[in-house]
Amino acid sequence: MPKFRQCAAFNLRSETFDGLLAKLDSGRKVVPVVTRTGALVRGNFPSRKAIGIAKFQSLNERNALRLFEVAPTVSKFKTHPLVLRLPGLKDLHYTPDLAMYRADKAFLVEVKSAYFLGQQETKERFQKITHRLNEHGVGLLFVLDEDIPEQLAKTVEELLHARPVIGRARKGKDVNRFDPSLDEMDESNTNPKWTHAQVECDELLARLMNRGPDQLIA
């Protein structure tokens, strides 16, 4: 399996990214994430950055969504955006966990437990997926359960629960502020704990983006 040029793929412009995903769209419907039955932890995630309704199908995905919600470099994301058809000797169908947008760049995200990704069958599948995405210049970021420090996960959860609720009509609002409903210069909007968590989330995301997939799925 060749080396993956992952960092370069994270620099794909969002317009090009959207065009490539449209070409790779299999036309299949995404399997419903939130259902009435099932033992897995699933649900809707309240978000000011999500395109549509954000959904998660594991605790790992929920923790990752909290991270992305707080990280200020993340401008928007869409959960389980589509089913991709990745051509090859045998077509692969793959539904990414997220399509992530940072400023004018975009890439895909896969959230997994370290144990599950360590299974040989899973590794081989994601080797193929990552290689074929790379052929199109599309980046795939892996986020593992062990990547998010327990204390950061707890802090982010508490902050999001304490964050003032506003409607989804947010045109002109800065969704990265603790309370986007207040004027930018309102001193009561200053929250040092929130600002510190934003820095931590962004630094963690940058580290994950600098990590080559070879370290995880070789």
Side-chain angles (χ1 to χ4, degrees), residues 1-2 4-6 8-47 49-65 67-69 74-102 105-145 208-209 213 216-217:
M1 185 64 62
F4 302 114
R5 301 178 302 277
Q6 191 71 6
F10 289 143
N11 289 321
L12 193 65
R13 294 186 66 85
S14 56
E15 297 87 351
T16 305
F17 173 83
D18 289 338
L20 287 171
L21 291 198
K23 291 180 180 179
L24 295 171
D25 189 348
S26 68
R28 294 184 178 183
K29 289 186 177 180
V30 175
V31 176
V33 173
V34 181
T35 60
R36 292 180 179 273
T37 60
L40 294 177
V41 178
R42 304 169 184 264
N44 295 332
F45 177 78
S47 172
K49 295 183 179 180
I51 302 170
I53 299 176
K55 301 176 183 294
F56 62 88
Q57 54 186 356
S58 71
L59 291 176
N60 295 333
E61 283 189 23
R62 186 179 66 182
N63 287 341
L65 289 174
L67 171 75
F68 303 144
E69 188 73 15
V74 175
S75 54
K76 59 183 179 179
F77 56 78
K78 183 173 178 61
T79 58
H80 314 101
L82 77 171
V83 181
L84 297 170
R85 182 182 67 84
L86 303 175
L89 292 177
K90 182 179 180 181
D91 286 355
L92 281 174
H93 288 87
Y94 167 60
T95 304
D97 290 329
L98 294 101
M100 172 81 71
Y101 296 82
R102 298 179 78 234
K105 304 296 190 300
F107 50 89
L108 300 175
V109 178
E110 181 67 29
V111 183
K112 281 281 179 284
S113 71
Y115 173 80
F116 187 73
L117 193 61
Q119 303 300 304
Q120 190 59 35
E121 183 178 350
T122 306
K123 278 188 177 183
E124 291 175 356
R125 172 170 168 76
F126 277 102
Q127 284 174 352
K128 295 175 183 177
I129 289 172
T130 306
H131 176 63
R132 295 191 189 183
L133 287 172
N134 239 7
E135 290 180 333
H136 295 278
V138 178
L140 179 61
L141 176 70
F142 288 94
V143 179
L144 307 184
D145 54 344
L208 297 181
M209 291 175 66
L216 302 174
I217 57 175

Can any side-chain N or O of K49 pair as donor or acceptor with the backbone N or O of F68 at less than 3.5 Å?
yes
Is a side-chain donor or acceptor of R132 paired with a backbone partner of L86 at a separation under 3.5 angstrom?
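Present.
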Check [X] against [Y] and note the closest heavy-atom contact, atom names and distance.
{"X": "H93", "Y": "R125", "value": "O-NH2, 2.9 Å"}
{"X": "I53", "Y": "T79", "value": "O-OG1, 3.8 Å"}
{"X": "S47", "Y": "A54", "value": "CB-CB, 4.4 Å"}
{"X": "V83", "Y": "K29", "value": "CG2-O, 3.8 Å"}
{"X": "Y101", "Y": "A106", "value": "CD2-CB, 3.6 Å"}

Going by the salt bridge (Lys or Arg N to Asp or Glu O under 4.0 Å) test, which pairs reach into residues 89-99, not counting sequence neighbours?
R85-D91
Show me the side-chain donor-acceptor pairs of residues 110-121 shorter than 3.5 Å, one per line, residues at least two apart or across chains.
from	atom 1	to	atom 2	distance (Å)
E110	OE1	Y94	OH	2.5
E110	OE2	K112	NZ	2.3
S113	OG	F116	N	3.0
Q119	NE2	Y115	O	3.2
Q120	NE2	E124	OE2	3.2

To the nearest 0.5 Å, tell me how far [X] [atom1] sits from [Y] [atom2].
{"X": "N11", "Y": "T16", "atom1": "CG", "atom2": "OG1", "answer": "11.5 Å"}
{"X": "L141", "Y": "L98", "atom1": "CG", "atom2": "CG", "answer": "9.5 Å"}
{"X": "L21", "Y": "K23", "atom1": "CG", "atom2": "NZ", "answer": "11.5 Å"}
{"X": "D18", "Y": "E15", "atom1": "CG", "atom2": "CD", "answer": "7.5 Å"}
{"X": "L12", "Y": "H136", "atom1": "CG", "atom2": "NE2", "answer": "12.0 Å"}
{"X": "E61", "Y": "F56", "atom1": "CD", "atom2": "CZ", "answer": "9.0 Å"}

Can I129 and L84 be said to form a side-chain contact (heavy atoms from CB on, under 4.5 Å), step by step?
CA-CA 10 Å; I129 289 172; L84 297 170; over 6 Å; no
Please tell me if the side chains of [X] and [Y] come closer than 4.5 Å, counting only heavy atoms from C-beta onward.
{"X": "H80", "Y": "Q57", "answer": "yes"}
{"X": "V143", "Y": "V109", "answer": "yes"}
{"X": "M209", "Y": "M100", "answer": "no"}

Walk me through it: do F17 and L108 pass the test side-chain contact (heavy atoms from CB on, under 4.5 Å)?
CA-CA 9 Å; F17 173 83; L108 300 175; 3.6 Å; yes
Going through the checks in order, is the side-chain contact (heavy atoms from CB on, under 4.5 Å) test met by F142 and T130?
CA-CA 10 Å; F142 288 94; T130 306; 3.8 Å; yes
In this structure, is the centre-to-centre distance between the rings of F107 and F10 below 6.0 Å?
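Between F10 and F107, the centre distance is under 6.0 Å.
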